[in-house]
Amino acid sequence: MGTYKPGEWNVYSEIKRKLVEDQGIPAHEVRFIQEAKNDKQRRELINGMNEGKIRVLFGSTSMLGTGVNAQFLIRSISNIITALI
């Protein structure tokens, strides 16, 4: 499944494209935790979720799992798990 990498096709970017093009969600409201290059940027993304400025935040369990506390306005959590080959 891969992880988000700017400029490369991956399932995360494809889901974002569909949310933007098919569902009309503004692109700046769909973000990836991997965009954060340091703790300050990570906190800004999480704060954006809690303030309602970011509607969808993608991340792996290790990067966006326990202890993140980005759930103040959350409506749904989805886990995508692929079979191990």
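Only this structure's heavy atoms are used, side chains among them; waters, hydrogens and symmetry mates stay out.
With rounding to the nearest 0.5 angstrom, the CZ atom of R55 is 11.0 Å from the CE atom of M49. With rounding to the nearest 0.5 Å, the separation of CD in Q34 from OG in S60 is 6.0 Å. To the nearest 0.5 Å, atom CD of residue E35 and atom CD of residue E44 are 11.5 Å apart. Note that the CD1 atom of I54 and the CD1 atom of I25 stand 12.5 Å from one another [nearest 0.5 Å]. Of the inter-residue distances, the one linking E51 atom CD with L73 atom CG reads 9.0 Å to the nearest 0.5 angstrom.
The two residues I46 and A70 make their nearest non-hydrogen contact at CG2-CB, 3.8 Å. Residues L57 and I33 share a closest heavy-atom pair of CD1-N, 3.9 Å. Taking every heavy atom of both residues into account, M63 and V68 meet most closely at O-CG2, 4.3 Å. Heavy-atom minimum distance, L45 versus A36: CD1-CB, 4.0 Å. Shown here for F58 and L64, the closest heavy-atom pair between the two residues is C-CD2, 3.8 Å. Here the closest heavy-atom approach between residue K53 and residue E29 is recorded as O-CG, 3.5 Å.
Formation of a donor-acceptor pair under 3.5 Å by the N69 side chain with backbone atoms of N50 is not found in this model.
Qualifying side chain to side chain contact (heavy atoms under 4.5 Å, CB included) partners for N38, counting only residues two or more places apart in sequence or in other chains: K40, Q41.
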